[in-house]
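This report refers to the structure that appears directly beneath it.
Residue numbers start at 1 and run along the sequence shown.
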Amino acid sequence: MTDTSTDQPGLDDFPARSRDKLRYGDTDRQGHVNNAVFSTLLETGRVELLYPGDGTTMSDEGAAWVIVRIELDLVGEITWPGSVDIGTRVAKVGRSSVTMQQGLFQEGRAVARATTVIVQMDDETRGSRPLSEELAERFRALQG
């Protein structure tokens with residue numbers, strides 16, 4: 001994503017979308033949602049993309065995902081009560097990694113953007129593992 005909040009993509013710019021309901025416990029002393037909760041909301045979007053709930057998974061057998069980098073820009077406050085829409089898209093598919101871009105929106109207003117790099121890790125060796133060509137193609141289909 002770009003460096004200026006005016007260049008924040010809209011929810012329609014993301015091929016994968018999720019929604020999370022806010023809890024009263026998500027708020028802080030200032031009455032808005034605590035900044036740490038933003039990362040949890042982004043996690044919802046990533047997990048729903050990686051494990052779509054239809055019995056499939058976006059990882060190769062015997063592998064799992066780990067986050068190696070996350071960059072989060074807070075561009076607006078989130079208030080309770082309500083919900084947050086989460087947009088997720090794939091920005092880049094590497095040899096063993098995937099770079100995702102995400103946006104958080106409340107009532108259509110952009111409140112955050114993030115770039116996350118995840119690496120496929122082999123369950124046995126605990127080291128990075130190259131993506132199969134089939135999996136890489138599935139991720140490329142989610143590029144926005």
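- Taken to the nearest 0.5 Å, the OG1 atom of T57 stands 7.5 Å off from the CZ atom of R138.
- When all heavy atoms of I78 and H32 are compared, the closest pair comes out as O-CB, 3.3 Å.
- More than 12 heavy atoms of other residues, nucleotides or ligands sit less than 6.0 Å from atom CD of E137.
- Side chain of R109 to backbone of E77: a donor-acceptor contact under 3.5 angstrom is found.
- Inter-residue side-chain proximity for S96 and R129 is flagged as unmet; no heavy-atom pair is nearer than 4.5 Å.
- Here the CG atom belonging to L41 is positioned 6.5 Å from the CG atom belonging to L22, to the nearest 0.5 angstrom.
- With hydrogens and angles ignored, the 3.5 Å screen pairs a side-chain donor or acceptor of R17 with a backbone N or O of L11.
- Smallest separation of non-hydrogen atoms from I86 and G45: CG2-CA, 3.8 Å.
- In this structure, Q143 and A91 approach most closely via the heavy-atom pair NE2-O, 3.5 Å.
- The distance from the CG atom of L135 to the CD atom of E133 is 9.5 Å, given to the nearest 0.5 Å.
- Here the CZ-CG distance, from R46 to L42, works out to 6.0 Å after rounding to the nearest 0.5 Å.
- Put simply, the side chain of L49 reaches to within 4.5 Å of the side chain of F139, judged on heavy atoms.
- Atom CD of residue E43 and atom CD of residue Q102 lie 10.0 Å apart, to the nearest 0.5 angstrom.
- Q106 is not listed as a side-chain neighbour of D85, based on a closest heavy-atom distance of 4.5 Å or more.
- In terms of heavy atoms, W80 sits closest to Y24 at NE1-N, 3.2 Å.
- Here R113 contributes atom CZ and F105 contributes atom CZ; the two are 10.5 Å apart, rounded to the nearest 0.5 Å.
- Side-chain contact between R95 and V119 is absent, with no heavy atoms from C-beta onward closer than 4.5 Å.
- Under a hydrophobic clustering in which Ile, Leu, Val, Met, Phe, Trp and Tyr are joined whenever their side-chain heavy atoms come within less than 4.5 Å, directly or via other members, V68 and M121 fall into the same cluster.
- The same ILVMFWY cluster, assembled from side-chain heavy atoms under 4.5 Å apart, contains both V33 and L74.
- In this structure, the side chains of L104 and F38 come closer than 4.5 Å at one or more pairs of heavy atoms.
- Considering all non-hydrogen atoms of both residues, P15 and R89 come closest at CD-CB, 3.4 Å.
- Between T99 and V90 there is no side-chain heavy-atom pair separated by less than 4.5 Å.
- Transitive grouping of hydrophobic side chains (ILVMFWY, heavy atoms separated by less than 4.5 Å) keeps V66 and I70 in distinct clusters.
- In this structure a side-chain-to-backbone donor-acceptor pair under 3.5 Å is present from W65 to M58.
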_side chain to side chain contact (heavy atoms under 4.5 Å, CB included) for L50 and M100? Distances and angles first, verdict last._
CA-CA 11 Å; L50 296 172; M100 294 182 180; 4.0 Å; yes
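- Checked by atom type, the side-chain pair T115/E71 shows no donor-acceptor distance below 3.5 Å.
- Shown here is Q30, whose CD atom has more than 12 heavy atoms of other residues, nucleotides or ligands within 6.0 Å.
- At least one side-chain heavy atom of V93 sits less than 4.5 Å from a side-chain heavy atom of L131.
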_Does Y51 form a side chain to side chain contact (heavy atoms under 4.5 Å, CB included) with T56? I'd like the steps, not just the answer._
CA-CA 7 Å; Y51 306 97; T56 65; over 6 Å; no
*Determine, step by step, whether D20 and E48 satisfy the side chain to side chain contact (heavy atoms under 4.5 Å, CB included) criterion, reporting the C-alpha distance in whole Å, the side-chain angles of both residues, the deciding distance to 0.1 Å, and the verdict.*
CA-CA 11 Å; D20 241 346; E48 288 187 8; over 6 Å; no
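- Side chains of Q120 and D60: a donor-acceptor N/O pair is present below 3.5 angstrom, by distance only.
- S39 places a side-chain heavy atom less than 4.5 Å from the side chain of L72.
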